[in-house]
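What follows is a single structure, written as structure tokens, with notes after it.
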Amino acid sequence: MILEYDKAGYGDKAFEVFVHLLSCGFEPNDYTFTNIISASGENVGFEEGKQLHGVAIKYSLEREVSVGNALVTMYGKYGMVDEAERMFNSMNERNLISWTALMSGYVKSGHGGKAIKGFLELLDLGIFCDSSCLATVIEACSECRNLDFGVQFHGFLIKLGHLYDVSVGTGLVDLYAKCGNLKSARMLFNGMSGHNVVSWNAMLSAYALHGQGKKALLLFEEMKRQGFVPDEITILAVLQACIYSGLWEDGIFLFNEIEPIYGIKPILEHFTCMVDLLGRAGLLSEAMNLIKSSPYPHSPLLWRTLVQCL
DNA sequence: TTAGGGTTAG
């Protein structure tokens, strides 16, 4: 049941059920713990996470590799790198997932360099790296804008034959785009053996970042023509591309299509983009009306975005 | 039958 709540994104419910089970004298095993800790990382606060760690210690389950990995991940997600590191170091058994979880935690808190160091250590240990691990290394290079290492790593991937994996390819598209090489990003995108919505989003975001709104709109049309269904991030990327290229009308047109055409309920980030767009286009009263009529009329983020356009 | 990864914004 906990697992079902977790999969459905109801980490808070999973936590409630777990606490109830404990009070009934239920003895959790490593499976239960791995699931509940992972669920807590999604929806439950850091304090509950710490509490779970305490219970894991009580039942001597924190030494289990899956429980340890879930804890490293949880601390990483909360940006508690020191805690994640401490947990990792205290584990008497580690596997590739432990390393990937730690590296990912480093990247999320802005320590891409540490993640790259971790990867080099991993290579020294002779542990086989899978595509998730490699994608994390690429993310680390993007985070610290280390294109030199990224290019070397790209060569390494060619030798390994991992280039055609969607996650790895997507990471490389993002890396080259963020380091200023839009052409290489597009070539990599074209060379991928298959795409998913995430890889399309990465390429659309690359065009947004480089202020290439028209190209982003063309790619967006191509994406739909090929039968891919846009998600919230697709819309955000295309809206951003319109903003950075001054394509006000295209942006307004897309915003009005979000719900009726794409069946997506606009989220705060969409409204932020739209306020930014209207503000930059000089349509200040329209921007103000949009904030007032949105589901977030008191959002400081929306008002701050508008003020920045003045 | 559990744990890790790839996209936006700030």
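Quantities reported herein were computed from a predicted structural model and do not represent experimental measurements. Within every chain, numbering begins at 1; the chains are lettered A, B, ... in the order of the sequence lines, protein sequences first and strands thereafter.
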What pairs with A:Phe220 under ring pair (Phe, Tyr, Trp, His ring centres under 6.0 Å), at least two apart in sequence or on another chain? A:Tyr262
Please check if the side chain of A:Arg145 supplies one atom and the backbone of A:Ser142 the other of a donor-acceptor pair under 3.5 Å. yes
Report the distance from atom CE of A:Met203 to atom C1' of B:dG6, rounded to the nearest whole Å. 15 Å
Side chain of A:Asn35 - closest among B:dG6, B:dT7, B:dT2: B:dT2
How close or far is atom C1' of B:dT7 from atom CD1 of A:Ile138, stated in whole angstroms? 14 Å
Mind checking if A:Leu96 touches a base, just sugar-phosphate, or nothing, with heavy atoms under 4.0 Å? base
Proximity to the side chain of A:Leu236 - top-ranked nucleotide from B:dA3, B:dT8, B:dT7: B:dT8
In whole angstrom, what separates A:Asp30's CG from B:dT2's P? 12 Å
Kindly say whether A:Ser109 contributes a backbone atom to a donor-acceptor pair with the side chain of A:His111 at under 3.5 angstrom? yes
Choose from B:dT7, B:dA3, B:dG4 the nucleotide whose nearest atom is closest to any side-chain atom of A:Lys77. B:dG4
Which listed nucleotide (B:dA3, B:dT2, B:dT8) is nearest to the side chain of A:Tyr31? B:dT2
Out of B:dG4, B:dG6, B:dT2, which has the shortest distance to the side chain of A:Asp130? B:dG4
Is the shortest side-chain N/O distance from A:Lys178 to OP1 or OP2 of B:dG6 below 4.0 Å? no
Interatomic distance where CG belongs to A:Asp165 and P belongs to B:dG4 [whole Å]: 18 Å
In whole angstroms, how far is the C1' atom of B:dA9 from the CD1 atom of A:Ile235? 15 Å
Send over the distance from A:Phe228 CZ to B:dG6 C1', rounded to a whole Å. 15 Å
Go through B:dG6, B:dT7, B:dA3 for me and flag the one nearest to the A:Glu139 side chain. B:dG6
Pick base, sugar-phosphate or nothing for A:Ser104, based on heavy-atom distances below 4.0 Å to the nucleic acid. sugar-phosphate
Nucleotide of B:dT2, B:dG4, B:dA9 approaching A:Thr34 most closely (side-chain heavy atoms): B:dT2
From C-beta outward on A:Ser205, which listed nucleotide comes closest to its side chain: B:dA3, B:dT7, B:dG6? B:dT7
From NE2 of A:His53 over to P of B:dA3, roughly how many Å is that when rounded to an integer? 18 Å
A:Ile233 side-chain proximity, nearest of B:dG6, B:dT2, B:dT8: B:dT8
Without decimals, in angstroms, what is the distance between A:Leu157 CG and B:dG6 P? 15 Å
Quick check on the 6.0 Å ring-centre criterion: do A:His210 and A:Tyr244 meet it? no
Does one side chain, of A:Tyr106 or A:Glu85, offer a donor that lies under 3.5 Å from an acceptor on the other? yes
